[in-house]
2 protein chains.
Amino acid sequence: MQKAPPKIKDVAQVAGVSTATVSRALTQPDRLSEATRAKVFDAIEATGYRVNQAARNLRTRRAGAVLVLVPNLGNPFFSAILSSMNDVLSANGYSVLVFDSQQPGASEQAVADCFLNGSVDGMITLDGNMSTITAKALRSANMMQNVVFCCEWSDQWPLPSIRSNNGLGARLAVDHLVALGHRRIAHVTGPDCNILAQMRKSAYIDRCAAHGLDIAPDWIVQGDFSLGAGALAADRILAVNSRPTGVFCASDAMALSFVARCRQRGVRVPEDMSVIGFDDIEMAAFSEPGLTTIRQDRSGLGRLAAQELLARLRGEQKTEGAHVIYSPVALIERGTTAPPLDNSADSPANGRTPPSKPTEFQEPVDKPA
Amino acid sequence: MQKAPPKIKDVAQVAGVSTATVSRALTQPDRLSEATRAKVFDAIEATGYRVNQAARNLRTRRAGAVLVLVPNLGNPFFSAILSSMNDVLSANGYSVLVFDSQQPGASEQAVADCFLNGSVDGMITLDGNMSTITAKALRSANMMQNVVFCCEWSDQWPLPSIRSNNGLGARLAVDHLVALGHRRIAHVTGPDCNILAQMRKSAYIDRCAAHGLDIAPDWIVQGDFSLGAGALAADRILAVNSRPTGVFCASDAMALSFVARCRQRGVRVPEDMSVIGFDDIEMAAFSEPGLTTIRQDRSGLGRLAAQELLARLRGEQKTEGAHVIYSPVALIERGTTAPPLDNSADSPANGRTPPSKPTEFQEPVDKPA
DNA sequence: TTGTATGCGTTATCAC
DNA sequence: GTGATAACGCATACAA
């Protein structure tokens, strides 16, 4: 048999006060006299009392939990982000509920239900594509102001968004290759519907144009951020007539498998093919050669998103409209990029001389003009 | 302003029945007549009613949530496991709360509180080292029977344990190298305190002995499963006097960085050094050369653990003592292992001939005799 | 099969 | 500063 756990009433009895006083000792200790507060805490200690969350939640209409919506939990890119979110949220008394937005089952309805039945107070979504069923639930539960985007986002919803400066990242990548002397630069994209893929791709196109570089149609290969896509993209790009000398991959996963497939097929990296990724996942530093890439501060993204949500939950930050916070990106030079050996191609003059930079470096690319 | 969400009373009014009937329609639909059940569901539809979880939890003394305790959420090894756990748990109406057991803060107390305040119904822990504070909370909340180990475990607690056959995996790894002709085999371990590291290391030692192979002391290098450890281990092992020709790494992360460092230092893999890992993480198939490794069925481990916990929560599986379920492991041959080129060493006769196998292959190594 | 009435454990609203 | 008491929304024992 199991002794029933002590309730607030038991504590009150032991302390010789009312239940209301015990409750206050827990939630607003300042409003009690020194003496009674001590009595209550002693009684709590003596009885081993713990507040019953369900009862508290029912009474306060709060849940003490937030939902983190991850597209594909199996993708290791998200683990560092999730970790830092968890750190700050749990440090602030919130439990973290994890959902996978790409799960085959009725996950959309499950997310919606969380809001409709009051089991979460807010959400951080790493998925830029918010389902209509989720949006409807958020509105219905009056929870729209307790949602923040992280990494991905959607312009459709005027919600806070913590993100890397993807345009700047892509620009740094292209500029790096150009500075090395590359003039035929390919790109492996993410999924068409993905906002990050869109940003990186369009910045790549713009930046090549700014450098006066042509992009052959078959230099842009559709990917999906995954390892498998990188290998397939390598097959495609190595078969192209006018082979590029450098490639910018929209994720490190694709870049790493791109490099591996190149070497497997006897194409040297970086001598015959320079490769630059995006993300700076841990593996990037430990591959051979080390992967040149654009670093995203993943734990920073998670932390900022969690802090932003906490501010919302506290009722601060009632700023209307999309509140965008940029997390820094940086070029990390490692071993997969180098000047191209083959400069026989379309470079009019001396291909090895880095062309001048048409525009300034400082201006964040993502920010609206 | 926001209209108050409909309660069970509102539904009852619309349906023209009592609140008890509405409640029954939700929890035991069979006990209602066809007609009233239809009426109730129509009313639910009409009002947009959703049950309030906090109220239900308070009343039923359940939480509808389970806790998954992960050692280092940032480690991508766990993401696939977490994903499959999430699939089956959420499909069965449970929310998944994630905690990081190695988080610096007061995470131990946070986990304990979850049980003491009734906010979770059970736990799957991927961390074999259960803190005493957690154990105390589990006993106090009478929750010890609602805990299952996954991947790691502790013999100290007679709880269900879903695990790979680590001994067999290590044995397959050693046998593979031996069959290729290696006679000097090194090992990079996990942390000393880790049960998986212990199992793999002792099986490695036993199996080498069974093959009549000596192990020089400096062939066993302390690691910690991480990428960084693999690179350091490579430095150590490449500097050894009587250099091994093959190495068994206790994780793929270490194996991959081991290979990278070897190649960085001009040591060819697999020609000069064969490397085999453990886990079969996705990257193993996309590195160059592909990493030979021992596959763990990560999503299977997560699924089995979730199912085991569900059975416990349903009150089934009241089997006393440790209930061990083995998930299969398998040798995956890729490109980082090959016969050793250098056979000048201590092999008495023809080093390239695979030695006979002293014992049978079938017997699972982990299982008690 | 359905309705009535009570209580789950806490916090908020009043009084004092 | 503290105490009595009424909700919070639901599920269930019991009665019908």
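In the text below, chain A, chain B and the rest are named by the order of the sequence lines, each starting its count at 1.
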Of the non-hydrogen atoms in [X] and [Y], which two are nearest, and what is the gap between them?
| X | Y | answer |
| --- | --- | --- |
| A:A65 | A:L97 | CB-CD1, 3.7 Å |
| B:V40 | B:V11 | O-CG1, 4.2 Å |
| B:G128 | B:S154 | O-CB, 3.1 Å |

Within this structure, what is the [atom1]-to-[atom2] distance between [X] and [N], rounded to whole angstrom?
| X | N | atom1 | atom2 | result |
| --- | --- | --- | --- | --- |
| A:Q13 | D:dG3 | CD | P | 13 Å |
| A:K39 | D:dG1 | NZ | C1' | 12 Å |
| A:L58 | D:dG9 | CG | P | 7 Å |
| A:R62 | D:dG9 | CZ | C1' | 18 Å |
| A:Q53 | C:dG9 | CD | C1' | 11 Å |
| B:K9 | D:dA7 | NZ | P | 11 Å |
| A:D30 | D:dT2 | CG | P | 13 Å |
| B:D10 | D:dC8 | CG | P | 11 Å |

Problem set entry | Residue closer to the 5' end of DNA chain C, B:R31 versus B:R61 (nearest nucleotide) |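 The residue closer to the strand's 5' end, by nearest nucleotide, is B:R31.
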Problem set entry | First encountered from the 5' end of DNA chain C, between A:Q28 and B:R37 |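 In this pair, the answer is B:R37.
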Exercise. Does the D:dA11 base have a donor-acceptor partner in the side chain of B:R24 within less than 3.5 Å?
Worked result: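 Answer no: no donor N or O sits under 3.5 Å from an acceptor.
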For this session: Answer yes or no: side-chain N or O of A:R59 and base N or O of C:dT11 forming a donor-acceptor pair under 3.5 Å.
Result: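 Result: at least one qualifying N/O pair found.
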Among [options], which nucleotide sits nearest the side chain of [X]?
| X | options | result |
| --- | --- | --- |
| B:T27 | C:dT2, D:dA11, D:dG9 | D:dA11 |
| B:I8 | D:dT12, D:dC10, D:dC8 | D:dC10 |
| B:T21 | C:dG3, D:dT12, C:dC8 | C:dG3 |
| B:A55 | D:dG9, C:dA5, D:dA4 | D:dG9 |
| B:S33 | C:dA5, D:dG9, C:dT1 | C:dT1 |
| A:A20 | C:dC8, D:dA4, D:dC8 | D:dA4 |
| A:L32 | D:dG3, D:dT2, C:dC8 | D:dT2 |

Problem set entry | Any donor-acceptor pair under 3.5 Å from B:R298 side chain to B:F77 backbone |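 Yes, the answer is positive, given that a donor and an acceptor are paired below the 3.5 Å cut-off.
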Exercise. Between the side chain of B:D121 and the main-chain N/O of B:A63, is any donor-acceptor distance below 3.5 Å?
Worked result: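 Side chain of B:D121 to backbone of B:A63: a pair is present.
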Exercise. Do the charged groups of A:D87 and A:R303 touch, with an N to O distance under 4.0 Å?
Worked result: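 No, A:D87 and A:R303 are not salt-bridged.
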For this session: Report yes if at least one side-chain N or O of B:T36 is closer than 4.0 Å to OP1 or OP2 of C:dT2; otherwise report no.
Result: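 Looking at the OP1 and OP2 atoms of C:dT2, one of them is under 4.0 Å from a side-chain N or O of B:T36.
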For this session: Examine C:dT11: is either OP1 or OP2 under 4.0 Å from a nitrogen or oxygen in the side chain of A:R56? Give yes or no.
Result: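 Checking C:dT11 against A:R56, a side-chain N or O does come within under 4.0 Å of OP1 or OP2.
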What nucleic acid atoms does [X] come within less than 4.0 Å of, heavy atoms only: base, sugar-phosphate, or nothing?
| X | answer |
| --- | --- |
| B:R50 | sugar-phosphate |
| B:V51 | sugar-phosphate |
| B:S23 | base |

